[in-house]
Colleague: 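A single structure is presented below for examination.
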Protein chains: 2
Amino acid sequence: MPATGRREQAAETQHALKAAARRVFARKGYLNTKITDITAEAGRAAGSFYNHFASKEALLSALLGDLAASGDESAVTEGHLSDFSDPAAVRWHVEQYWAFYKEHAATMRALRQAAMVNDDFARTLASFGASQAADIAGHLDRVTAAGMRLPADTDLSILMMYQLIDNFAQMWLASPAPVGWTPPTDDEAVEALTRFIYRGLTGRDY
Amino acid sequence: MPATGRREQAAETQHALKAAARRVFARKGYLNTKITDITAEAGRAAGSFYNHFASKEALLSALLGDLAASGDESAVTEGHLSDFSDPAAVRWHVEQYWAFYKEHAATMRALRQAAMVNDDFARTLASFGASQAADIAGHLDRVTAAGMRLPADTDLSILMMYQLIDNFAQMWLASPAPVGWTPPTDDEAVEALTRFIYRGLTGRDY
DNA sequence: TGTACATCAGTGAACGCGCGTTCACTGATGTAC
DNA sequence: TGTACATCAGTGAACGCGCGTTCACTGATGTAC
């Protein structure tokens with residue numbers, strides 16, 4: 001068996017295409033990226049693309065698959081805090097999401113853009129949000145149990161929290177920074193979100 | 001002078017194209033809309049479009065111009081409350097923005113989509129946000145003056161507030177409702193946002 | 001008021017550009033004997 | 001181990017579809033005299 005068999009070569013090219021796609025998506029956005037932009041970035045011929053993916057959408061689906069796989073690995077992280085009447089639990093979740101988003105910024109941005117144009121990806125994005133929300137739902141019981149009042153019913157409260165984190169991450173981690181702004185450090189961002197959300201959800205100062 | 005002169009006819013057609021565009025944008029989104037979708041919806045020939053607009057972008061710019069014009073009219077509304085240490089002032093601003101967004105949902109959605117693909121519109125959207133933020137900046141002085149602590153520095157605090165309102169409005173007023181959700185009434189939405197934001201900004205319960 | 005000509009909004013078939021996709025070809029890797 | 005053939009990843013020029021854009025034409029409105 002030679003140092004570089006056919007399987008290996010194919011796997012290598014496929015990986016190069018995915019890596020190139022992530023770079024190009026980050027640079028010009030999913031919607032503005034042409035197939036040939038990806039193959040050029042990967043240093044392959046245009047036709048090579050179709051040996052590996054049926055379309056740009058299929059490639060994005062593959063990237064999302066990778067993301068889900070890597071998510072499953074880190075999901076078992078210990079230290080999971082679940083009592084949202086404690087600011088530390090809120091911060092822990094904010095940190096987790098922030099780190100996740102930072103890792104997968106290019107893919108998340110691509111997904112958002114694809115969702116604007118394609119119903120399938122819109123559903124993917126919605127169910128991603130729903131699964132995040134489901135993880136949190138239980139944690140809010142402790143808030144009401146501790147005698148605090150949520151700002152709205154549970155679903156809307158979680159939705160507001162999720163939208164805030166997600167859009168904030170989107171803005172600072174997956175978009176060109178607006179002119180005249182200095183991006184917050186990770187700590188500043190996490191702290192700002194934690195305060196706003198803890199206060200918003202519980203009505204307590206922090 | 002005849003009942004329908006050339007000027008009038010041209011104005012009518014231009015108006016019909018803009019109205020048709022808003023309807024089609026609302027239905028399928030800006031990016032998925034073809035020039036011929038707009039002319040068909042308006043009941044005109046494809047070529048007619050170019051008597052009035054140089055491109056789809058130019059049409060969107062025209063819609064944004066109309067929006068700015070109608071915004072200026074209603075900007076002088078009385079009852080402007082500016083002391084954000086008072087929840088009523090927060091609610092007043094949330095209501096204003098909610099009503100604005102409801103009125104212009106199709107155009108705002110189109111702008112968002114265009115901004116994903118086109119740097120000029122990205123800047124337009126950013127400066128729209130910045131002008132909203134600038135209107136608010138002064139109101140937060142009263143919060144700190146009243147001895148309350150903002151969740152972050154002024155800019156980030158305003159940004160979080162703005163993102164929350166804007167995305168929430170975007171979701172419920174300018175997008176197809178996600179399956180399995182019942183959209184909140186206007187009052188519910190305004191109330192939920194007001195609580196979350198007032199608490200988030202001031203650290204006081206409400 | 002009437003006639004002849006000019007202008008212009010609107011039309012829709014045709015054109016052509018951009019880009020996704022194909023496919024005949026190359027050369028390297030794998031297999032059979 | 002060697003030879004002949006099969007398979008397959010990669011190539012890039014060419015094809016063709018979709019859609020934005022043009023333009024010669026029509027008929028109605030405006031103007032000149």
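In the text below, chain A, chain B and the rest are named by the order of the sequence lines, each starting its count at 1.
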Colleague: So does A:Asp83 get a backbone contact from the side chain of A:Arg142, meaning a donor-acceptor N/O pair under 3.5 Å?
Modeller: no
Colleague: Nucleotide by nucleotide, 5' to 3', does protein get under 4.0 Å of the base (B), only the sugar-phosphate (S), or neither (-) in nucleotides 20-26 of chain D, counting heavy atoms?
Modeller: SBB----
Colleague: Tell me the interatomic distance from A:Glu8, atom CD, to D:dC8, atom P, rounded to whole angstroms.
Modeller: 15 Å
Colleague: Which nucleotide wins on minimum distance to the side chain of A:Ala45, given the candidates D:dA9, C:dA9, D:dG12?
Modeller: D:dG12
Colleague: Can you tell me how far P of D:dT7 sits from CG of A:Asn51, to the nearest Å?
Modeller: 17 Å
Colleague: Identify, with sequence neighbours excluded, every residue that meets side-chain contact (heavy atoms from CB on, under 4.5 Å) alongside A:Ala192.
Modeller: B:Ala152, B:Leu156, B:Met160
Colleague: Among all residues two or more places apart in sequence or in another chain, which pass the side chain to side chain donor-acceptor pair (under 3.5 Å) test with B:Asn32?
Modeller: none
Colleague: Going through the checks in order, is the ring pair (Phe, Tyr, Trp, His ring centres under 6.0 Å) test met by A:Trp172 and A:Trp98?
Modeller: CA-CA 10 Å; A:Trp172 294 116; A:Trp98 193 261; 8.7 Å; no
Colleague: Side chains of A:Tyr97 and A:Asp166: do they bring a donor and an acceptor to under 3.5 Å?
Modeller: yes
Colleague: For A:Gln170, which residues count as a side-chain contact (heavy atoms from CB on, under 4.5 Å) partner, sequence neighbours excluded?
Modeller: A:Tyr101, A:Arg109, A:Arg112, A:Ala174, A:Ser175
Colleague: I need the minimum non-hydrogen distance between A:Ala114 and A:Leu60, along with the two atoms involved.
Modeller: CB-CD2, 3.5 Å
Colleague: What's the shortest heavy-atom distance between B:Ala133 and B:Ile158, and which atoms?
Modeller: CB-CG2, 3.5 Å
Colleague: Does a donor on one side chain sit under 3.5 Å from an acceptor on the other, for B:Tyr206 and A:Arg149?
Modeller: no
Colleague: Between atom CD in B:Gln9 and atom C1' in C:dT11, what is the gap in whole Å?
Modeller: 12 Å
Colleague: When the ring centroid of A:His80 is compared with that of A:His139, is the distance short of 6.0 Å?
Modeller: yes
Colleague: In whole angstroms, how far is the C1' atom of D:dA9 from the CG atom of A:Leu17?
Modeller: 12 Å
Colleague: Which dot-bracket string fits DNA chain D when only Watson-Crick or G-U wobble pairs with both atom distances under 3.5 Å count, crossing pairs get [ ], and | stands for a partner on a different strand?
Modeller: .||||||||||||||||||||||||||||||||
Colleague: Compare all side-chain heavy atoms of B:Tyr30 with those of B:Glu57 and state whether any distance is below 4.5 angstrom.
Modeller: yes
Colleague: Measure from CZ on A:Arg44 to P on D:dG12 and round the result to the nearest Å.
Modeller: 12 Å
Colleague: I'd like a list of close polar pairs between nucleotides 1-6 of chain D and the protein, N/O only, cut-off under 3.5 Å.
Modeller:
none

Colleague: Using whole Å, what does the distance between atom C1' of nucleotide D:dA28 and atom CD of B:Glu12 come to?
Modeller: 14 Å
